[in-house]
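In what follows, chains carry the letters A, B, and so on, assigned in the order in which the sequence lines appear, proteins first and then strands, with residues in each chain numbered from 1.
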Amino acid sequence: MKKVLIDRGVRQLLAWYDRDRRPLPWRQQVNIYHTWICEVMSQQTTLAVVLPKFAQFIQQLPTVDDLANCDEEILHQLWAGLGYYARARNLKKGAEFIVNRLNGRFPQSYREWLQIPGCGDYTAAAIASICLNEKVPCIDGNVIRVVSRLLALQDVWSTAGRSRIQDYLTQVIPSDRPGDFNQAMMELGATICRKTKPRCDICPLQMQCLAYANNCIEICPPKKPRRVLVDTELFVLIFWHRETDTFAIVERTDGFLAKTRGFPLTIAHQLSKLDRWQPLQLPGKFTHAIAHHRITGRICVIQLNSNDIDISMRQHLALSKTLHWMNRLDLSAKLSTALDRKAFQLFQNYTYSDSICEQLALNL
DNA sequence: CAAGCGTGGGA
DNA sequence: TTCCCAAGCTT
């Protein structure tokens with residue numbers, strides 16, 4: 001009896017999806033490379049941000065072979081605005097694995113996709129169900145919310161609650177259209193069964209929804225506890241060779257934005273160690289957020305007479321060996337992180353002002 | 001298992 | 001303005 005209702009709900013869901021789904025670029029036709037990229041790109045971000053980036057990424061790196069062989073700096077630039085740059089680097093590692101170890105043949109199951117760097121339960125399930133018709137449920141934030149409401153389940157963030165959701169989905173996911181079912185559940189969560197102001201009035205699963213019946217949608221699922229915000233003061237060091245108007249870009253090896261190129265970063269506490277290079281702190285500041293850090297960024301300009309940076313300075317700042325001197329125009333195009341771009345923007349505002357230029361000149 | 005990791009957009 | 005958070009993965 002129960003199963004009949006479930007099957008009916010699944011058919012209603014799929015019918016709704018067939019009729020109302022958004023025409024996303026990666027839904028035009030099934031392409032496992034495109035699905036892989038868009039799923040990783042979509043982790044912890046929003047569709048509005050992903051859409052233009054996805055088009056650009058696929059245009060620049062149309063095949064897994066292109067991705068495996070691309071320059072990492074280009075990769076980071078393609079990823080600019082998406083955050084979590086490790087995802088991009090993992091994509092490249094995955095592409096290298098597929099090209100070099102699997103002879104360019106994509107993994108052919110959920111289990112195999114789990115072996116690919118950056119592919120966890122969610123991403124492997126998405127790819128396997130959508131592209132390989134494997135009957136494995138996707139569990140993301142949207143799906144958790146939908147199931148929480150369908151079953152009037154409040155315990156969804158614990159391990160037990162999570163397996164409860166997984167068990168339920170494993171029961172109801174249809175063998176004939178597992179990928180469409182997964183996408184329909186996520187789509188429902190994104191457009192109808194939203195966190196705020198859910199559209200229960202037009203929901204295809206209204207009749208199956210326990211939270212709707214019990215009038216407890218507001219508390220399903222309960223809010224996830226958030227980490228408290230931490231105020232962090234960060235100094236952005238701009239090594240400037242004034243005669244050539246070039247800037248030193250480094251590879252940051254740890255701390256914020258590790259493994260990305262940009263300006264060296266340091267904290268107030270450590271700044272005094274740089275006194276012998278006569279850093280000039282510019283007036284003004286910018287704000288930025290990284291995870292739970294609420295960052296206040298300040299700029300320190302250090303004018304170098306040679307194109308070299310001291311070993312001790314390098315170690316102190318957690319920098320790799322490679323130093324890239326770039327001119328002002330190139331820099332605007334090549335900075336990949338938002339923090340670096342905000343800092344450079346602030347720097348440019350001040351160095352276009354005569355009074356600051358005089359101060360910097362005096363500092364030589 | 002909890003902590004760490006970026007960003008842009010919407011409320 | 002400020003806060004919150006969105007299709008998670010790794011360690």
Residues from residues 110-123 of chain A sitting under 4.0 Å of DNA chain C, heavy atoms only? Pro117(A), Gly118(A), Cys119(A), Gly120(A), Asp121(A), Tyr122(A), Thr123(A)

For DNA chain C, which residues in residues 87-102 of chain A have a heavy atom at a distance below 4.0 Å? none

When Thr196(A) and Phe256(A) are each assigned the nearest nucleotide of DNA chain B, the 5'-most assignment goes to Phe256(A)

Comparing His293(A) with Val49(A), nearest DNA chain B nucleotide closer to 5' gives the residue His293(A)

Phe54(A) side chain reached by Leu24(A) side chain, heavy atoms, under 4.5 Å: no

Does OP1 or OP2 of dG6(B) have a side-chain N or O of His292(A) closer than 4.0 Å? no

Return no unless some side-chain N or O of Lys195(A) is found under 4.0 Å from OP1 or OP2 of dA6(C). yes

Using a heavy-atom distance cut-off of less than 4.0 Å, which residues of residues 59-84 of chain A contact DNA chain B? Gly81(A), Leu82(A), Gly83(A), Tyr84(A)

Under a 4.0 Å heavy-atom cut-off, which of residues 27-47 of chain A touch DNA chain B? Gln44(A), Thr45(A)

Cut-off 3.5 Å, no hydrogens considered: what does the side-chain donor-acceptor table look like for residues 138-149 of chain A, sequence neighbours left out?
| residue | atom | partner | partner atom | Å |
| --- | --- | --- | --- | --- |
| Asp140(A) | OD1 | Asn142(A) | N | 3.1 |
| Asp140(A) | OD1 | Val143(A) | N | 2.8 |
| Asn142(A) | OD1 | Arg145(A) | NH2 | 2.7 |
| Arg145(A) | NE | Cys193(A) | O | 2.8 |
| Arg145(A) | NH2 | Gly189(A) | O | 2.8 |
| Ser148(A) | OG | Leu153(A) | O | 2.6 |
| Arg149(A) | NE | Cys220(A) | O | 2.8 |
| Arg149(A) | NH1 | Cys193(A) | O | 3.3 |
| Arg149(A) | NH1 | Arg194(A) | O | 2.8 |
| Arg149(A) | NH2 | Arg194(A) | O | 3.2 |
| Arg149(A) | NH2 | Lys195(A) | O | 3.3 |

Separation of dA6(C) atom C1' from Lys224(A) atom NZ, nearest Å, is 10 Å

Pick the P atom in dA7(C) and in dC5(B), then give their distance to the nearest Å. 22 Å

Atom pairs, N/O to N/O, protein against nucleotides 1-4 of chain C, distance under 3.5 Å?
| residue | atom | partner | partner atom | Å |
| --- | --- | --- | --- | --- |
| dC3(C) | OP2 | Arg294(A) | NH1 | 2.8 |

